[in-house]
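Quantities reported herein were computed from a predicted structural model and do not represent experimental measurements. Here is how names work: the chains are called A, B, and so on, in the same order as the sequence lines, proteins then strands, and each is numbered from 1.
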Amino acid sequence: MTAAKSTRRTFLAQAALTAAAPMIIPSSVLGLNGKVAPSNQIVLGGVGLGPRGRQDLDCFLRQPDVRFLAIADPQKERRDIIKRMVDRKYGNEDCQTYRDMSEVYAREDVDAILICTGDRWHALGSILAAKAGKDVYSEKPCAMTIRECQELDETFLRYGRVYQAGTQRRNVDNFRLGIDLARAGKLGKIHTVHAGIIKLGDDLPWLPAQPEPDPEVLDWNRWLGPAPWRPFNMEYCRGRWRGHYGLAAGYKLLEWGSHTVDLCQEAAGADGTTPVEFENEGDTIHARYANGIKLVMRLSGFKNEGDWVPDVGSCPVRFEGDEGWVEMGDNGKIVASSPAILEGAKYEEMPGTDPIKHVRDFLDCMKSRQKPRCNSTVARYGHVACHAAAIGWKLGRKVKFDPVTETFPEDPEANRMCSRARRAPWTA
Amino acid sequence: MQPRPPRSLDCLKKQKQDVPNSIMKFHRFSTLLTLVLAALIGRAAAVSDEATALAVLSSGATNEQKAMAIVDLSVTGTAKSVPVLANLLADKELHDYARNALELIPDPSAGAALLASVDKLEGSLRTGVAITLGDRREKAAVPALQKMAGDAKCPAGEAALTSLALIATDEAAGALVTVLKNGPAERKLAAAHAALRAAERIKKEGRSCAALLDAVNAAEVPPCLKKAAESCRKG
């Protein structure tokens, strides 16, 4: 290990930044000219940064203590886009491009990895990064199956790496306020939490086969990675992988459920557990925690679908107690059953899709070695809850779930849907 | 002969346009019909039963239809499906689906079929079967996995180490210790990761994992792995 890296690593291990003030960089980090010394910078690499990845990257690039140096992507076009974006920001050509993420993971100078691939690569990419000694910020959902959620969390706990799932809304002010009000008892005793989801749908048919391109242009084998084989079609690589078996998780439930169920879990005091039963009713999934709190996953959408406050925005949630309720969505606002609930509350109206504070939370935790808001264990249980609900939906019947063993008691059919073999050679 | 230039994405766009319009129209229609039906039904297409899925596999169905039938067999398949699925392990396009189904069919014949195939396959197909033997916790596979793990030239060697960790019997743990102590240098890192994973599993079952952790500490591996070993010992 070089001396420079040792200094940075020591700093990362010893500095303690306040996660509650995410945008403030302590003066000890800044040099006399107000800039962060290179030895105090976090070196970041990226994997699979498409349109959403560029939004995440933009937030990282705005942090004075981050230096982005490497991008891996099986698509040359996307590698080049990221390199241009980063080189323009820094005014140099230091950003290296790779087809294979393992080359980024092998770099000793890289501290953390930003993973924004499609669902299929989130868990394995994160696990391999942790085994290589990196911290990870990965887009949601954290994993494709219940077993993968477990494997991810176990790996990050084993190696003591920091993980943040890109659900970001726990660090968005209106949602944060709603959760804090629920947890502080301002709504009374919580009895029901509502999570907005989009309409669920079964796996789509394969897209028509096209000749595979030159791997240097687009490495289809690597793009597909751990997902089961299917013939190449360029449209998958342009974002049309959603809804396809092995490429997208959970029959579309985790598209918004990753976010909204995550929020409901915290509001209900259910981090570290899951509901114990799930039952479908049309587009709604009714779930119940062991303590009796109900989780209702119900229809929402970009066009005001479902019974939510008008124009609440995407990813709406509602927390109901015996003394009141609050409802929030990506429009940045919070609505309450009575003005008294929000009296004195201050929050910044920001879109629910903005990860800026979530990114800062991750970076602060890299330095303090504390766990960020959506760490591997929080993400595990929230997404296991989503997967269990999706399994019940697919089977078309009520299912019971044991949050301790993370299995469906006496239900071999459902249990056989908890895992899926990864395509070799991409294994953990 | 001049080497072919790499295909640009513009070439791909042109190729898409060159696909016969009739085929594109049919596929769009069938996709649309499927989506409309799914929307009208408002729920998932049910998982087909074993007999229906096996009928698809023995018909002239497309690989896509066979793949989806095998997906259903991963839920409904029994010993009856094992021979058909085992035959598909050598099929590059259907291997992943067949392997997944064999991983999930509880009947012992599924594990036996996988074990019988592991030395007959090559490359990534062999690697896949090696990892699935671990996912099934196939104790009978430990000798074969140990042999792969100890062979520096075997591409499935690292997968075999992971599988030994998942199986985590005393025999499997012993195999990991052997690779850590006496195995090829290029396998030590993967063996250490596998040993840590096995140690966690063994400790949860109330058995001693000291030998595994001692072997990790004695091996030439990065400090973070030794730190993980100490955490496991204390935890």
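- The two residues Ala424(A) and Gly128(B) come nearest to each other via the heavy atoms CB-N, 3.4 Å.
- Residues meeting the side-chain hydrogen bond (donor to acceptor under 3.5 Å, both in side chains) test with Asn87(B), sequence neighbours left out: none.
- Heavy atoms of other residues, nucleotides or ligands lying less than 6.0 angstrom from CD of Glu230(B) number more than 12.
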Please test Arg201(B) against Glu154(A) for salt bridge (Lys or Arg N to Asp or Glu O under 4.0 Å), starting from the C-alpha separation and ending with a verdict. CA-CA 11 Å; Arg201(B) 188 174 287 278; Glu154(A) 286 163 5; 5.7 Å; no
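- Thr127(B) approaches Pro425(A) most closely through the heavy-atom pair CG2-CA, 4.4 Å.
- Both the backbone and the side chain of Ile105(B) have a heavy atom closer than 4.5 Å to some heavy atom of chain A.
- Enclosure of atom CD in Glu220(B) is not indicated, since only 12 or fewer non-hydrogen atoms of other residues, nucleotides or ligands lie within 6.0 angstrom.
- Interface residue Ser74(B): only backbone heavy atoms are found under 4.5 Å from chain A.
- Taking NE2 of His193(B) as the start and CD1 of Ile127(A) as the end, the distance is 12.0 Å to the nearest 0.5 Å.
- Residues of residues 404-418 of chain A that come closer than 4.5 Å to chain B, counting heavy atoms only, are Glu413(A), Arg416(A), Met417(A), ordered by residue number.
- Atom OH in Tyr245(A) sits 13.0 Å away from atom CD in Glu64(B) (nearest 0.5 Å).
- Among Gln65(B), Arg197(B), Glu103(B), Met68(B), the residue with the largest count of heavy-atom pairs under 4.5 Å with chain A is Arg197(B).
- Summarising the geometry, atom CZ belonging to Arg158(A) is positioned 11.5 Å from atom OG belonging to Ser231(B); distances are rounded to the nearest 0.5 Å.
- Contact check for Lys394(A) versus Val75(B): no side-chain heavy atoms found under the 4.5 Å cut-off.
- Look at Glu158(B) and Lys131(A) and you find no salt bridge, because none of the NZ, NE, NH1 or NH2 atoms lies under 4.0 Å from a carboxylate O.
- Annotation for Lys66(B): atom NZ counts as buried by contact number, over 12 foreign heavy atoms lying within 6.0 Å.
- Applying the salt bridge (Lys or Arg N to Asp or Glu O under 4.0 Å) test to Asp119(B) and every residue at least two apart in sequence or in another chain returns Arg126(B).
- Atoms CZ and CD1, from Arg422(A) and Ile131(B) in turn, are 8.5 Å apart once rounded to the nearest 0.5 Å.
- Heavy atoms of Ser419(A) lying under 4.5 Å from chain B belong to its backbone as well as its side chain.
- Of all residues in residues 90-101 of chain B, those placing a non-hydrogen atom less than 4.5 angstrom from a non-hydrogen atom of chain A are Lys92(B), Glu93(B), Asp96(B), Tyr97(B), Arg99(B), Asn100(B).
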